[in-house]
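Structure first, commentary second.
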Amino acid sequence: MAVENKETIDKRREEIMDACEKLYETMGFQSINIKVISTETSFSRPSIYNYFQTKEEIFLGLLTREYMKWNEDLKNIIGRNSDMDKDSLAQAIAKSMEERKTLLKISAMNLYEIEENSREELLVDYKRTFKNSIELFDECLKKHLKVSNQKSEQIRYAFFPYMYGIYPYSYPTDKQISAMDEVKLSHMDTTIYEMTYQFLKLIL
């Protein structure tokens, strides 16, 4: 078999991750496996193992890609010429989060299991990208709001754990809504943007 170059490998990994993301829109994590993913690609199931050893590695690759996309949004916010006030910055970051539904869903629902069942070198790649996200988030705060290192750290330690709850609150299942209604537990329709924006307004 011919040795594939990096460009070909990356392209095929992207196709596999695209298929996984498409399935994840309508299927639960437990229902998705490599066989199912193969039906959405031009690869057989054995061929996928040339690029990912487990389905968790596919999800980890997808999550890494999502953070890379978010990092580009954060760089754009940093690159804005004029300083932004707290409200404008909250809006800009909320808008960037609105585009990252898959990132929020994976982080909220399956992150621990995905990390546990992926090779360490892939996990390191993900953590490196995540670290970049943290640094860019801090840079947004420091450039536009002139906050101290201590204040930036406090905001970050509030916001990043909060991120993991955004998806479940924005997309409750019918069963969850029915159960809340049954016990008369108040809940409201909300969006990723609104949850992010309202929280950032409180902590910035």
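Since the model is a prediction, treat every value here as computed from it, not as a measurement.
- Looking at heavy atoms from C-beta onward, L145 lies out of side-chain contact with K151 at the 4.5 angstrom threshold.
- Judged by distance alone, the side chain of Q176 and the main-chain N or O of T173 form a donor-acceptor pair under 3.5 Å.
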Would you please test K95 and E98 for salt bridge (charged side-chain N to carboxylate O under 4.0 Å, His left out) and show each step? CA-CA 5 Å; K95 179 64 177 174; E98 187 176 40; 3.3 Å; yes

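- One N or O on the side chain of E66 and one on the backbone of L103 form a donor-acceptor pair closer than 3.5 Å.
- Linking Ile, Leu, Val, Met, Phe, Trp and Tyr whenever their side-chain heavy atoms come within less than 4.5 Å puts I192 and I203 in one cluster.
- Within the model, atoms CG of D18 and CD1 of I58 stand 11.5 Å from one another, a figure rounded to the nearest 0.5 Å.
- A distance of 10.5 Å separates CZ in R100 from CE in M163, rounded to the nearest 0.5 Å.
- Within the 3.5 Å criterion, the main-chain N or O of L104 finds no donor-acceptor partner in the side chain of S107.
- D138 is not listed as a side-chain neighbour of V147, based on a closest heavy-atom distance of 4.5 Å or more.
- A side-chain N or O of D85 and one of S88 form a donor-acceptor pair less than 3.5 Å apart.
- Remark: side-chain polar atoms of S178 are not paired, donor with acceptor, to backbone N or O of K175 under 3.5 angstrom.
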From CA spacing to verdict: side chain to side chain contact (heavy atoms under 4.5 Å, CB included), N117, L60: CA-CA 10 Å; N117 291 289; L60 188 65; over 6 Å; no

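- Atom CE of M68 has 12 or fewer neighbouring heavy atoms from other residues, nucleotides or ligands inside a 6.0 Å radius.
- Judged purely by atom type and a 3.5 angstrom limit, T129 has no side-chain atom pairing as donor or acceptor with the backbone of Y67.
- For the pair S38 and S44, the tightest heavy-atom approach, listed with the atom from each and the gap, is CB-C, 4.0 Å.
- Between the side chains of N149 and K142, at least one donor N or O lies within less than 3.5 Å of an accepting N or O.
- Between atom OG of residue S96 and atom NZ of residue K75 there is a gap of 14.0 Å, rounded to the nearest 0.5 Å.
- Both F160 and I166 are assigned to one and the same hydrophobic cluster, defined by single-linkage of ILVMFWY side chains at heavy-atom distances under 4.5 Å.
- By the neighbour-count criterion of 12 heavy atoms within 6.0 Å, atom OH of Y169 is sparsely surrounded, having that number or fewer from other residues, nucleotides or ligands.
- With 3.5 Å as the limit, one finds a donor-acceptor pair spanning the side chains of Q91 and D87.
- Evaluation of the ring-ring contact (aromatic ring centres under 6.0 Å, His included) test over residues 19-40, restricted to residues two or more places apart or in two chains, returns Y24-F59, F29-F59.
- A donor-acceptor distance shorter than 3.5 angstrom exists from the side chain of H144 to the backbone of I77, with no hydrogens or angles considered.
- Exactly one of E56, E115, E57 qualifies for a side-chain contact (heavy atoms from CB on, under 4.5 Å) with L122. That residue is E57.
- Between atom CG of residue L200 and atom CE of residue M97 there is a gap of 9.5 Å, rounded to the nearest 0.5 Å.
- Crowding of K127 atom NZ: a count of heavy atoms from other residues, nucleotides or ligands under 6.0 Å exceeding 12.
- In this structure the side chain of K201 reaches within 4.5 angstrom of the side chain of Q198, judged on heavy atoms.
- Note that OG1 of T64 and CG of D125 are 7.0 Å apart. Values are rounded to the nearest 0.5 Å.
- At a cut-off of 3.5 Å, with distance as the only test, no side-chain donor of S47 or N50 sits close to an acceptor on the other residue.
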Take Q53 and R119 through the side chain to side chain contact (heavy atoms under 4.5 Å, CB included) test and state the conclusion after the steps. CA-CA 8 Å; Q53 289 186 2; R119 283 170 288 172; 3.5 Å; yes

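- Residues Q30 and E113 are in side-chain contact: their nearest non-hydrogen atoms beyond the backbone lie under 4.5 Å apart.
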Could you please spell out the steps behind the salt bridge (charged side-chain N to carboxylate O under 4.0 Å, His left out) verdict for K131 and E135? CA-CA 6 Å; K131 178 175 179 278; E135 291 169 347; 2.7 Å; yes

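- Under the 4.5 Å side-chain heavy-atom criterion for Ile, Leu, Val, Met, Phe, Trp and Tyr, L185 and M188 are members of distinct hydrophobic clusters.
- For E182, the CD atom is loosely surrounded, since the number of other residues' heavy atoms within 6.0 Å does not exceed 12.
- W70 is not listed as a side-chain neighbour of L136, based on a closest heavy-atom distance of 4.5 Å or more.
- Within a 6.0 Å sphere centred on NZ of K22, other residues, nucleotides and ligands contribute 12 heavy atoms or fewer.
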Step by step, work out the side chain to side chain contact (heavy atoms under 4.5 Å, CB included) result for I114 and L63. CA-CA 10 Å; I114 288 167; L63 184 59; 5.8 Å; no

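- Listed for the K55 side chain is a donor-acceptor partner under 3.5 Å among the backbone atoms of I32.
- Linking Ile, Leu, Val, Met, Phe, Trp and Tyr whenever their side-chain heavy atoms come within less than 4.5 Å leaves M180 and Y171 in two separate clusters.
- Between the E15 side chain and the S42 main chain, a donor and an acceptor come within less than 3.5 Å of each other.
- Under the 4.5 Å side-chain criterion, counting only non-hydrogen atoms from C-beta, R65 is in contact with M17.
- The nearest pair of heavy atoms linking I16 to T41 is CA-CG2, 4.2 Å.
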Walk me through it: do I134 and F137 pass the test side chain to side chain contact (heavy atoms under 4.5 Å, CB included)? CA-CA 5 Å; I134 289 173; F137 184 84; 5.7 Å; no

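- Between the E21 side chain and the L62 main chain, no donor and acceptor come within less than 3.5 Å of each other.
- Y162 and F199 have parallel rings, their planes meeting at less than 30° on a 0 to 90° scale where 60° marks the start of perpendicular.
- The aromatic rings of Y51 and F43 sit tilted, their planes meeting at an angle between 30° and 60°.
- Proximity of a side-chain donor or acceptor of K146 to a complementary backbone N or O of K143 within less than 3.5 Å is detected.
- The structure places SG of C20 at 9.5 Å from CD1 of I48, a figure rounded to the nearest 0.5 Å.
- When all heavy atoms of L74 and S133 are compared, the pair lying nearest together is CD1-O, 3.8 Å.
- For the residue pair G165 and M195, the shortest heavy atom distance occurs at O-CE, 4.4 Å.
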